[in-house]
Amino acid sequence: MSGEFIVAIVSVAIAGGALVVAILSAQSAKDQARSAKESAQAANVQASSARDQVMAAREQVAAARDAAAAAERQTELSEQMRRDQAQPYVVADVRASSHSGHLLQVVVENRGNSVARDVRVSFDPPLQRRLGADRGTFDDLEGGITFLPPGGSLSWHLGTSFSYFEEGQAPPPPSTVTVRCIGPFGEVEPLVYDLSLADFAGQAADVDAGSLANVEKALKDLTKTVERWRTGR
């Protein structure tokens with residue numbers, strides 16, 4: 001064999017080996033690329049799962065915060081209800097007296113569950129007193145009421161109902177009533193409402209429980225007693 005032939009064979013062998021190495025390297029690179037791709041996909045899945053977990057955690061935190069806020073509001077409402085139930089509830093009204101027919105009275109009463117202190121009542125425009133010759137602005141409540149116990153009431157004569165609706169005379173205008181007082185938890189929120197004497201226009205006197213009814217009943221009882229004595233029964 002000549003030297004050139006041997007060199008040729010060796011060259012071919014070397015080239016073949018290089019080709020095999022190249023093929024193996026390419027396959028390895030391909031496998032590595034595929035592995036890297038799979039790793040990247042797995043990382044994306046893990047990242048997405050982590051994002052979902054973070055969102056779920058945020059939603060849980062928000063739900064816990066809402067629950068805590070709702071519980072706090074419920075506690076505040078319960079406390080407010082307890083305070084409201086323990087506060088005095090003072091109202092002022094004009095009513096027909098049950099003892100004198102058409103006589104109207106200003107009545108202030110405490111319908112609440114605790115003592116009302118420093119009770120202040122105002123009428124705007126002021127009520128007018130019409131008791132015969134005693135006429136003018138009703139001012140008996142200007143000094144306020146020191147205290148009013150639960151269920152307690154005070155009354156003042158105002159006038160006769162028919163005197164407010166005499167012929168040719170304008171009826172009294174409605175008044176805005178404002179009631180202020182102090183309860184066990186401090187100053188009570190003012191109570192404001194409208195009051196109209198027009199409800200008493202043409203109202204019949206209710207004297208069923210009045211003094212005239214009592215006199216009539218006493219006379220009837222006396223008559224029966226005299227009759228029994230006279231007849232001996």
message: Checking R129 now: which residues fulfil side chain to side chain contact (heavy atoms under 4.5 Å, CB included) with it, not counting sequence neighbours?
response: L131, D134, F138, D139, D140
L154 side chain near L148 side chain, heavy-atom distance below 4.5 Å: yes
- line: CD (Q87) and CD1 (I182) are apart, to the nearest 0.5 Å, by 10.5 Å
Contacts of type side chain to side chain contact (heavy atoms under 4.5 Å, CB included), residue S163, not counting sequence neighbours: R130, R135, T160, E166
R34 CZ: over 12 foreign heavy atoms closer than 6.0 Å: yes
field: Straight-line distance of L191 CG to T178 OG1, nearest 0.5 Å
entry: 8.5 Å
query: How long is the gap from CG on L103 to OG on S161, to the nearest 0.5 Å?
result: 8.5 Å
Heavy atoms from other residues, nucleotides or ligands near CD of E189 exceed 12 (cutoff 6.0 Å): no
query: Is any side-chain heavy atom of V188 less than 4.5 Å from a side-chain heavy atom of R180?
result: no
- line: The residue among I145, V106, L141 that forms side-chain contact (heavy atoms from CB on, under 4.5 Å) with V121 is L141
task: Output all residues satisfying salt bridge (charged side-chain N to carboxylate O under 4.0 Å, His left out) with R95, sequence neighbours left out; order by chain, then residue number.
output: D93, E109
message: Can you tell me how far apart CG (L104) and CG (L158) are? Round to the nearest 0.5 Å.
response: 6.0 Å
- prompt: Residues in side-chain hydrogen bond (donor to acceptor under 3.5 Å, both in side chains) with Q105, at least two apart?
  reply: H157
- prompt: Checking side-chain hydrogen bond (donor to acceptor under 3.5 Å, both in side chains) for the pair D194/T176: CA distance, chi angles, key distance, verdict?
  reply: CA-CA 4 Å; D194 291 334; T176 298; 3.2 Å; yes
query: Taking side chain as C-beta onward, heavy atoms only, is V94 less than 4.5 Å from L197?
result: yes
message: So, using ring pair (Phe, Tyr, Trp, His ring centres under 6.0 Å) as the criterion, who are the partners of F162 when residues are at least two apart?
response: H102
task: Check whether more than 12 heavy atoms from other residues, nucleotides or ligands sit under 6.0 Å from atom CZ of F147, and answer yes or no.
output: no
query: Between atom OH of Y89 and atom SG of C181, what is the distance when rounded to the nearest 0.5 Å?
result: 11.0 Å
message: Can you list, by chain and residue number, the hydrophobic cluster partners of V54 when the side-chain cut-off is 4.5 Å?
response: none
- request: Output the distance between atom CD (Q53) and atom CD (Q46), rounded to the nearest 0.5 Å.
  value: 10.5 Å
query: Which heavy atom in P172 sits nearest to a heavy atom in Y164, and how many Å separate them?
result: CD-O, 3.4 Å
